[in-house]
Amino acid sequence: MANPKPDELVQIGYQAPPRDWMDTPADFRKGTYCYSALAKNLTYLGLPNPREWQPFDADWKLPPDWKETILKGMKERLEKYRSFRLFMDICVRCGACADKCHFYLGSGDARNMPVLRAELMRSVYRRYFTLAGRLFGRLAGARDLTEDVLKEWFYYFYQCTECRRCSVFCPYGIDTAEITMMARELMTLVGVNINWVLEPAANCFRTGNHLGIQPHGFKDSVDFAVDELEELTGVRVDASINRKGAEVLLVVPSADYFGSPHYYTFLGYLALLHEVGLDYTFSAYASEGGNFGLFTSHEMIKRLNAKIYAEAKRLGVKWILGGECGHMWRVLHQYMDTMNGPADFLEVPVSPVTGTRFENARSTKMVHICEFTADLIHEGKIKLDPSRNDHWNVTFHDSCNPARALGMLEEPRYILRNVVRQFHEMPEGTIREQTFCCGSGSGLGTDENFEMRMRGGLPRANAVKYVKEKYGVNLLACMCAIDKATLPPLLEYWVPGVEVAGIHELVGNALVMRGEKERNTDLRGEPIAEAAHA
Ligand code: SF4
Ligand code: SF4
């Protein structure tokens, strides 16, 4: 069946469902769910119950003790994570979060209201872990854990992108993303996963990056970029790999050196770091900053993240610089230090160019490249010609994790205002902490759930449409590898004519490099605007 057209998808019914949600099994309609993880990926990661199955099958081939396994896992996690127990107990059903989820706004499905999404799990919690639930059952909002309930969990917890927008509006600070993380972790215990999450995780475990690129392939990619940058700018940069004794380890999401438009951001990093003379190296093993463990389990986060500190130690660097990515930074900022640290063998990062000491990275020893670049601009260390970006009329999409997990709201805007001359914000309520998700984060950026991705991305696209029509915006800048992959099809669907770029692509365009040839093109090889060229 062909994908629905935008004018069909925009007809959204928000009326209450005809039956109580507890009596309505999940409807696995094509285009709205993700395929199961392949057995080979579970096997590779040592996860339980590898087998061939699909969500639309009647029999999910669960282990005989699946229910006991999940309830035991739930008990352990309720004891281990105070936040989990708190989030199960304290919701007052005020409804402040109800209309804040992009999946609810785009689908009208009540179980995509964050309060009800969480209720899918709370109802089971009440049944097995509270006295009222044990005694009064459904009257107390409790229900048994059945195969239908598990299927409902799978359907709706893989229709949550863990974006945390709802938590911004909850008066109690309940973080539905953490409930989703817990649900996915519990499902992992019985082999219920999606392939778009586990395949990158398995690749990462094997070769260090999501794409399964081996060290020689990584070197080829970097060498190719160095050659191409020389063709574009006339400047030959040095991008070393596995060089012991470098001052800084640079870790980027693998999409930066393999995906488009990410690749132009990668060229921007190479140009900038060469221009300021940073003594850095890549690692062919820590060749991925992204971490799909975040969408699987806490244990998987830790396993996939460990390589970064290990490589920093092996190479003897002083500190770590990280590229543009969303969930990568949530892991680095919120989990890395406690899971795989303390990184006492590293130093508190100091920019060798400006002398700025990044106190905010005192614990992790890892600096975001937007912090690094904003500091360079602030201290007047690079020469920029923003007119080279005059062919772009830019708006900025705050990626969920940098905005809500890092609070990185000003640095990208500061950079953009210095490297472009046409910049317009999307409306209040759709940016900064309240930014809308791309609709395909947390491992949902696959093709089989295209309809749900377009639905989930509708609020974001709608705000882009507004600035396109009002100001003529033709470029959406962002700082997340998943966004750079998922926003182009989203915008092509809802707002054709708006392209997507990373912040450092625009930096690379504007950067005036010593020894450069006359710049006729941007990093995409497209002619730069006439006025700038003259
Ligand atoms: S975390 Fe995001 S996707 Fe999940 S329920 Fe909240 S708003 Fe929706
Ligand atoms: S805003 Fe918070 S307390 Fe209110 S319904 Fe949503 S999760 Fe519950």
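Whatever order the structure lists them in is the order used to number ligands and atoms, beginning at 1. Here the structure is a predicted model, which is why all the values come from computation and not from measurement.
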For a quick check under 3.5 Å, do [X] and [Y] share a side-chain donor-acceptor pair by atom type?
X      : Y      : value
His397 : Arg460 : yes
Asn360 : Glu371 : yes
Tyr269 : Asp256 : yes
Thr32  : Glu451 : no
Arg455 : Ser107 : no
Ser297 : Arg184 : no
Glu324 : His504 : yes

Apply side chain to side chain contact (heavy atoms under 4.5 Å, CB included) to residues Arg117 and Gln159 and explain how you reach the verdict.
CA-CA 9 Å; Arg117 195 189 307 285; Gln159 270 178 28; 4.1 Å; yes
Centres of the Phe28 and Tyr33 rings: under 6.0 Å?
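Phe28 vs Tyr33: aromatic centres under 6.0 Å.
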Heavy atom of the protein closest to [atom] (residue, atom name, distance):
atom                    : value
atom 8 (Fe) of ligand 2 : Cys91 SG, 2.4 Å
atom 4 (Fe) of ligand 2 : Cys94 SG, 2.3 Å
atom 5 (S) of ligand 1  : Arg117 NE, 3.2 Å
atom 2 (Fe) of ligand 2 : Cys170 SG, 2.3 Å

Contact check, Thr180 vs ligand 1, heavy-atom distance below 4.0 Å
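Per 4.0 Å heavy-atom rule, Thr180 does not contact ligand 1.
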Using heavy atoms and a 4.0 Å limit, tell me yes or no: is Gln159 in contact with ligand 1?
no
Take every heavy atom of Gly95, measure it against each atom of ligand 2, and state whether any distance is under 4.0 Å.
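So Gly95 counts as touching ligand 2.
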Are any of the heavy atoms in Cys166 under 4.0 Å away from ligand 2?
no
Near [X], which atoms of ligand 2 are under 4.0 Å from a heavy atom of that residue?
X      : value
Val115 : 5 (S)
Tyr172 : 3 (S)
Ala96  : 1 (S)
Arg93  : 5 (S), 8 (Fe)
Val92  : 3 (S)
Pro171 : 1 (S)

Hey, which atoms in ligand 1 end up nearer than 4.0 Å to a heavy atom of His102?
2 (Fe), 3 (S)
Going by the atom numbers of ligand 1, which of them fall below 4.0 Å from some non-hydrogen atom of Thr161?
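It comes down to these atoms of ligand 1: 3 (S).
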Side chain to side chain donor-acceptor pair (under 3.5 Å), paired with Asp398, selected from Arg413, Arg404, Arg432
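So the option named by the test is Arg413.
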Taking 4.0 angstrom as the limit, do Arg51 and Asp59 come out as a salt bridge?
no
Ion pair present between Arg143 and Asp148, side-chain N to carboxylate O less than 4.0 angstrom?
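Not counted as a salt bridge, because no side-chain N and carboxylate O are separated by less than 4.0 Å.
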Any N/O/S atom of Cys97 sitting less than 2.8 Å from atom 6 (Fe) of ligand 2, backbone or side chain?
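For Cys97, the answer is yes, given that an N, O or S atom comes within less than 2.8 Å of atom 6 (Fe) of ligand 2.
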Under 4.0 Å, heavy-atom basis, I'd like to know which part of Arg164 is in contact with ligand 1: side chain, backbone, both or neither.
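Answer for Arg164: backbone.
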Quick check: does Cys101 have an N/O/S atom under 2.8 Å of atom 8 (Fe) of ligand 1?
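Given the 2.8 Å cut-off, Cys101 counts as a ligand of atom 8 (Fe) of ligand 1.
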